[in-house]
Number of protein chains: 2
Amino acid sequence: MSRSKSRKFSGKATLRDVAREAGVSVATVSYVLNNTGSVSDQVRKQVKSAIKLRGYVPNLSAQAMRTGRTKTIGMILPDLRNPFFPELAQSVENAARSNDLAVFLVDTQESQTAEAEGIFKLIQYGVEGIVWCPSSDMDYFKEYSADTPVVVIDRPLPNYDNVYSDYIKGGKLLAQHILSEGHCKIGLISGPQSFESAAQRRRGFLDELGNSAEVVWEVENSFSMELGDETRARLLQQDVSVVVAANDMIAIAAIKILNQNKIKVPETISIVGFDDIPWSDIVQPPLTTIKQPLSELGKEAVNLLMRRIENPEASKKSVVLDVDIVIRQSVRMIETVDNETGLEST
Amino acid sequence: MSRSKSRKFSGKATLRDVAREAGVSVATVSYVLNNTGSVSDQVRKQVKSAIKLRGYVPNLSAQAMRTGRTKTIGMILPDLRNPFFPELAQSVENAARSNDLAVFLVDTQESQTAEAEGIFKLIQYGVEGIVWCPSSDMDYFKEYSADTPVVVIDRPLPNYDNVYSDYIKGGKLLAQHILSEGHCKIGLISGPQSFESAAQRRRGFLDELGNSAEVVWEVENSFSMELGDETRARLLQQDVSVVVAANDMIAIAAIKILNQNKIKVPETISIVGFDDIPWSDIVQPPLTTIKQPLSELGKEAVNLLMRRIENPEASKKSVVLDVDIVIRQSVRMIETVDNETGLEST
DNA sequence: CATATTGACTTAAACGATTAACCTATATAA
DNA sequence: TTATATAGGTTAATCGTTTAAGTCAATATG
């Protein structure tokens with residue numbers, strides 16, 4: 001089937017070509033394309049068939065230049081390999097596409113310079129807005145462009161539109177569950193406290209804990225599978241019955257270390273995570289954790305973004321989405337507090 | 001620090017603004033921006049400071065319209081939640097960015113209509129090329145636009161530039177390893193044979209196997225964690241000593257099923273996978289599998305793409321990257337198969 | 001009947017860059 | 001001396017749209 005080979009030797013058909021083909025002016029063609037102006041049914045048909053015939057596809061660059069709207073947004077992420085992000089990215093992209101926006105992806109690999117450059121590039125490309133998950137606590141936008149709409153996702157920042165999960169509630173749910181299972185010696189691996197997302201989980205957890213249990217030790221660790229020296233050391237002390245990790249990746253890394261040292265999970269040490277990343281129910285033991293509504297997060301982010309694009313002067317808005325605990329098998333119930341915790345070899 | 005607020009009430013500074021500020025023509029400004037034409041050092045300095053002063057940032061839409069180059073490419077993926085893709089996406093994006101190209105992300109969620117729409121949209125946006133990992137064996141580009149440069153990644157297609165791993169070698173390595181561990185009753189869960197990537201693993205495996213072992217059963221399964229009814233049934237037959245899965249996700253799903261049915265892996269049934277996705281060493285038991293050079297794949301893809309962009313008439317080119325086996329603990333050694341005067345060393 | 005109003009188009013001016021073509025003074029060559 | 005490069009600019013056309021403004025007949029209004 002020889003598809004409409006446009007007769008011009010090279011390149012796309014333009015409005016002008018279509019107009020000539022249909023025997024009308026370019027304006028008329030534009031009017032029928034945009035359903036604006038007023039054109040007779042007769043002419044409309046002609047134009048439409050001319051469009052089809054020439055395989056016309058509008059030039060978005062030209063459109064953008066004329067209208068000022070590029071129909072694109074940007075998405076800046078720290079690291080797609082972190083299993084938290086793929087689903088987020090997917091939902092942002094899909095939501096954007098169903099709003100007739102294309103999305104530029106920027107994966108900074110956690111590099112601040114890449115983040116800065118990325119933002120700059122996106123602005124050059126004239127994105128109408130940016131969905132941003134900050135790699136650090138640096139606030140690049142103050143510097144570059146305060147007038148590009150931005151919504152910050154997952155790691156809320158003051159003076160922005162934010163969308164994130166109810167980390168405080170998540171922390172509380174974890175505390176309740178641990179308490180109800182009878183744990184009272186706790187090791188806490190908290191995330192980078194400069195991120196609200198980490199700080200709030202910690203706060204929620206500690207608040208709910210109150211005096212009902214003791215935090216024997218606490219270390220701060222990055223949100224990744226690389227555990228710091230102190231974290232590893234703490235884990236092997238075996239002076240706690242449960243370890244609360246700032247997210248699932250840390251939790252999984254911890255399980256690995258414990259296994260390597262023949263410490264049984266959850267028999268000897270229980271573990272909880274946060275995020276409910278896709279693999280948290282594949283790992284042994286399946287992880288008790290807090291489920292974030294990843295794909296809603298993404299959808300909501302583009303909602304917020306579109307709101308701000310349409311109304312740049314609207315007041316800042318934060319939406320926080322509900323979370324839930326998902327109980328699997330990484331926490332064991334402790335019957336008697338004092339008696340049971342001995343050392344039993346493999 | 002009140003940053004260069006351009007005096008015009010709204011919007012970005014333009015070439016014209018800079019020119020006025022520097023007291024020269026727009027052409028001159030353009031020349032210094034592009035290091036073309038000839039301008040005196042004197043004027044060059046003036047212009048540069050004017051650029052800085054007004055916070056000028058070029059309008060890529062205008063540039064694109066004039067030059068025909070959008071400096072963008074598209075990337076079409078089936079599903080970011082499949083752990084095979086995030087690293088790929090990341091490396092493509094990074095490679096593109098270091099070539100001064102921004103990338104549009106399209107995640108089709110395995111939907112063919114989304115794929116068709118996505119491709120069409122990308123063409124509308126005037127991407128200079130597309131990195132495509134097909135969701136199906138449909139060949140959309142024939143229909144839409146044969147003149148947009150495309151490189152197909154991971155699932156080679158005839159008449160395209162392709163980049164993929166040496167699946168045949170991967171299959172062979174697996175066969176060798178299984179044989180050397182003394183297995184001779186094999187269950188094979190192969191991937192969708194309409195994908196070359198699946199067909200070649202199978203072929204490599206079977207060819208290397210020869211008559212040295214028996215494939216007791218074979219089923220075809222999609223490249224996902226959802227196992228078909230027949231697959232599940234076969235797994236529970238327990239008439240094989242090793243199951244060869246078409247990729248790691250299938251392998252992991254299989255382990256899960258087996259565990260649920262109290263069948264020990266690898267004690268009773270060994271398992272191998274393919275891909276070496278990030279979690280294959282976290283799962284219990286850690287998976288023996290074939291490692292694909294994901295990030296090289298991405299890099300190579302944009303190399304190929306740039307080659308074709310620069311020279312659209314170049315002959316089609318396929319690059320296939322080397323793979324290696326990574327041996328973990330999901331395959332156990334079988335001591336004595338039969339009491340032959342065998343060549344098995346302990 | 002003269003005058004508005006409307007419907008159906010067309011003309012042409014933007015949008016912001018790039019770049020071929022042109023201009024002018026000064027240096028070089030013959 | 002006159003002819004000729006060359007360096008350092010400027011002018012204006014152009015890319016493909018959108019859209020305000022204009023044209024002109026046909027119809028409606030009073």
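Chain naming here is simple, since letters A, B, ... match the order of the sequence lines and numbering starts at 1 in each. Note that the structure is a prediction, hence the values are computed from the model and not measured.
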Minimum side-chain heavy-atom gap A/Met306-A/Leu101 below 4.5 Å:
yes
How close or far is atom P of C/dT10 from atom CZ of A/Arg16, stated in whole angstroms?
14 Å
Is any side-chain N of the basic residue among A/Lys121 and B/Asp100 closer than 4.0 Å to the acidic one's carboxylate O?
yes
Can you say whether the rings of B/Tyr160 and B/Trp132 are parallel (under 30°), tilted (30 to 60°) or perpendicular (over 60°)?
perpendicular
Min side-chain heavy-atom separation B/Phe104-A/Thr72 under 4.5 Å
yes
Whole angstroms only, please: what is the CG-P distance between B/Asn34 and C/dA20?
12 Å
Side-chain heavy atoms of B/Gln112 within contact of B/Ser135, under 4.5 Å
no
My understanding is that only one of A/Thr113, A/Asp107, A/Thr108 makes a side-chain hydrogen bond (donor to acceptor under 3.5 Å, both in side chains) with A/Ser111; could you say which?
A/Thr113
B/Gln63 atom CD is separated from D/dG16 atom P, nearest whole Å, by 16 Å
Between D/dT19 (P) and A/Leu15 (CG): distance, integer Å
12 Å
Restricting both atoms to N or O, compile the protein contacts to nucleotides 11-15 of chain C shorter than 3.5 Å, with distance only.
residue : atom : partner : partner atom : Å
C/dA14  : N3   : A/Arg66 : NH1          : 3.3

A/Val39 side chain: which of C/dC9, C/dA17, D/dG9 is closest?
C/dC9
Has B/Thr14 got a side-chain N or O lying under 4.0 Å from the OP1 or OP2 atom of C/dA17?
yes
